Amino acid sequence: MNAIPQFPRPVNEPEFNYQAEPEGRAVLESHLRSTDVVDIPAVIGGEKIYSGDVEEVRAPHDTRRLLARIHRPNEQQVRGAIQNSLAAAREWTALPFDKRASVFLRAAEIVAQLRRHEITAATMLGQSKTLDQAEPDAAGELIDFMRFNVYEAQQIHAQQPLTVQGAMNRTDWRPLEGFVYAVSPFNFTAIGANLACGPALMGNVCLWKPSQKSALANYRFFEILEQAGLPPGVINFIPADPAMATRVALDSPDFAGLHFTGSSQIFKSLWRSIGENVDRYRGLPRIVGETGGKDFVLAHPSADADAVTTALIRGAFEYQGQKCSAASRAYVPRSLWPAVKSALQEQLPQLRVGDVAQRETFMGAVIDGVSHGRLNARIQAARDDGQAASIVSGGRTWTEPGWFVEPTVIEVTDPRHALMRDELFGPVLTVFVYEDKAWEDTLKLVDDTSAYALTGSIFCVDRQALMQAETALANAAGNLYINTKPTGAVVGQQPFGGSRASGTNDKAGSWMNLLRWTSPRVIKESYLPQGRWQFTGN
Ligand code: NAD
């Protein structure tokens, strides 16, 4: 009982080498080939609820393939989930930190050693990720979140006020009073896990509403949490209709915090509802949201054209551009453009688009028909835009057997074209070519063209110009990259998040985020109470 275990600073989980480990490859492939259709229940207080109100999950790259059926809980069940969580809160909060931490560390071990291939395969099939994209997400980043959160929470708990002789001062890192509503996006399996588990590690109870589009991999992880010994009700899994679940959660007087990742538009709508309901709540809720991006790559005339090209290809087209951090607008100087343009035109047609289970595939499909329709419309509008926009590479879309969009590069003549401003969330990169001497004006354009401020890359060898750009773009990105692509933040190395329309910048996977899920109480205990009211010494 009287132990204070110390959790060491973790190292990042190494990528599993499927080339070198044929047994792992065989297990992965058997999961990829499996024709089982998974029934995904709501899980409330440990009870699996198969409502029969079913939504189908199909592989985006092969829509003939049914993967799962989500059983959506109804309004009464979502209300029940809130009550159930609140009932679970007392015991969970009272559990010492190291015991809570052990649940999540055990979950990390189960993913790493027992169910890695299964959750990676679920991510490949359900979210149309190639192995190169799915393994660092569903295994690597997810495991890192679990382990680094424990270490960082321990650092928070260690922050204590000064204690002097005769009295003890301490900070009790309490969880919030009520429940946290965790709403996750489709594009990273790891993010869903972190949105629910970060607050729970800090002693909170959570309602986790996953995206319907990633429900299969999210449910696999929920099963892993159960296997790891997470007590029933601490996190209730509610794959419900988003608008209904959100209305019920945000109407509750016990709503204590929102942990959201997704589009800026949905986040703002949730923020508005919270504002309207503010008088209902027991406390003032914490609102944490990581949202959209219109992430830039800015090349200086001193940059290396090959390095810029590679960053554009990897940054814009990995996972079909469906990363919040994906490069989606580029500023290239006139002197560098011929080399970059011809390299893009030569290399992009080599990127294979298709079935994510095949090793040579670089890009799978976009997530669904809605996204496909939106991207198709934007590409068509660019074609119809006369002189203002021209397709440099790609532009084809097709729907058999899935929602495919070719990696597409569009050059625009107006740096404030809508394609340089709006998040498209797909494999479409827009380029503006600037005059070499207009470096300073271009810095201004990068800064104020888009409402977002998530990630950005500067490619530049000239130190003075680099310094100038870093200063001018101080508020243009929460994660800035120099001479490297703007994607691929690693837990513990680049805490992640942006400002402006990109979110509250609470830096997922770090103490900065975990801090939001505590409401500290400071306690002073005097060993000998004062015996007289008079001041001493006078
Ligand atoms: P989305 O906004 O469509 O959905 C996010 C979540 O909100 C899902 O769980 C969804 O079911 C829910 N939702 C949808 N409509 C709702 C409604 N009316 N009321 C309540 N909830 C609702 O986003 P997405 O398509 O899943 O993910 C892509 C977006 O997420 C992009 O904008 C991307 O930039 C952003 N994103 C940001 C980060 C980051 O760290 N900044 C990370 C990943 C994704």
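Side chains are part of it too, since the values below use all heavy atoms of this structure and drop only hydrogens, waters and symmetry mates. Treat the numbers as computed from the prediction; the structure is a model and nothing was measured. Ligands are counted one by one from 1 in listed order, and the atoms in each one are counted from 1 as well.
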Self-check item: Close approach, Phe186 and ligand 1, non-hydrogen under 4.0 angstrom
Solution: yes

Quiz item: Where's the contact between Phe188 and ligand 1, heavy-atom distance under 4.0 Å: side chain, backbone, both or neither?
Solution: neither

Quiz item: Near Pro185, which atoms of ligand 1 are under 4.0 Å from a heavy atom of that residue?
Solution: 26 (O), 27 (O)

Quiz item: Does the side chain of Asn204 reach to within under 4.5 Å of the side chain of Phe179, using non-hydrogen atoms?
Solution: no

Exercise. Applying side chain to side chain donor-acceptor pair (under 3.5 Å), name anything that partners Thr504, two or more places apart in sequence or on another chain.
Key: Asp506

Quiz item: Near Asn187, which atoms of ligand 1 are under 4.0 Å from a heavy atom of that residue?
Solution: 43 (C), 44 (C)

Quiz prompt | Atom indices of ligand 1 within 4.0 angstrom of Gly292 heavy atoms, with elements | solution = 32 (O), 34 (O)

Quiz item: By number and element, which atoms of ligand 1 are closer than 4.0 Å to a non-hydrogen atom of Ile191?
Solution: 42 (C), 43 (C)

Quiz item: Quick one: does ligand 1 sit under 4.0 Å from the side chain of Phe267, the backbone, both or neither, non-hydrogen atoms only?
Solution: neither

Quiz item: What atoms of ligand 1 come closer than 4.0 angstrom to any heavy atom of Val183?
Solution: 6 (C), 7 (O), 9 (O), 12 (C)

Quiz item: So between Lys507, Glu423, Gln212, whose heavy atom ends up nearest atom 34 (O) of ligand 1?
Solution: Glu423

Self-check item: Contact with ligand 1 for Lys323, non-hydrogen, under 4.0 angstrom
Solution: no

Quiz item: Considering only heavy atoms, does Thr261 approach ligand 1 within less than 4.0 Å through its side chain, its backbone, both, or neither?
Solution: both

Quiz prompt | Check: Ser264 N/O within less than 3.5 Å of ligand 1 N/O | solution = no

Practice problem: Could you find the nearest protein heavy atom to atom 8 (C) of ligand 1 and give me its residue, atom name and distance? | Solution: Ser184 O, 3.2 Å

Quiz item: Does ligand 1 have an atom under 4.0 Å from some heavy atom of Leu270?
Solution: yes

Quiz prompt | Modelled atom types, side-chain donor and acceptor of His259 and Asn513, under 3.5 Å | solution = yes

Exercise. Report the member of Leu424, Ile266, Thr455, Thr291 with the shortest heavy-atom distance to atom 15 (N) of ligand 1.
Key: Ile266

Quiz item: Can you list every salt bridge (charged side-chain N to carboxylate O under 4.0 Å, His left out) pair that touches residues 47-72, not counting sequence neighbours?
Solution: Asp39-Arg69, Lys48-Glu226, Asp53-Arg72, Glu55-Arg72, Glu56-Arg58, Asp62-Arg64

Quiz prompt | Distance-minimising heavy-atom pair for Glu406 and Trp398 | solution = N-CZ3, 4.1 Å

Quiz item: Is any heavy atom of the protein nearer than 4.0 Å to atom 4 (O) of ligand 1?
Solution: no

Practice problem: Within a distance under 4.0 Å of any heavy atom of Phe496, pick out the atoms of ligand 1 and give their elements. | Solution: 39 (C), 40 (O)

Practice problem: From atom 39 (C) of ligand 1, work out which of Cys324, Ala245, Ala190, Gly503 has a heavy atom at the shortest distance. | Solution: Cys324

Quiz prompt | Close-contact set for ligand 1 against Thr246 heavy atoms, below 4.0 Å | solution = 19 (N), 20 (C), 21 (N)

Practice problem: Number the atoms of ligand 1 from 1 as they appear, then name those within less than 4.0 Å of a heavy atom of Leu454, with their elements. | Solution: 41 (N)

Quiz item: Which heavy atom of the protein is the closest neighbour of atom 10 (C) of ligand 1, given with residue, atom name and distance?
Solution: Lys209 NZ, 4.0 Å

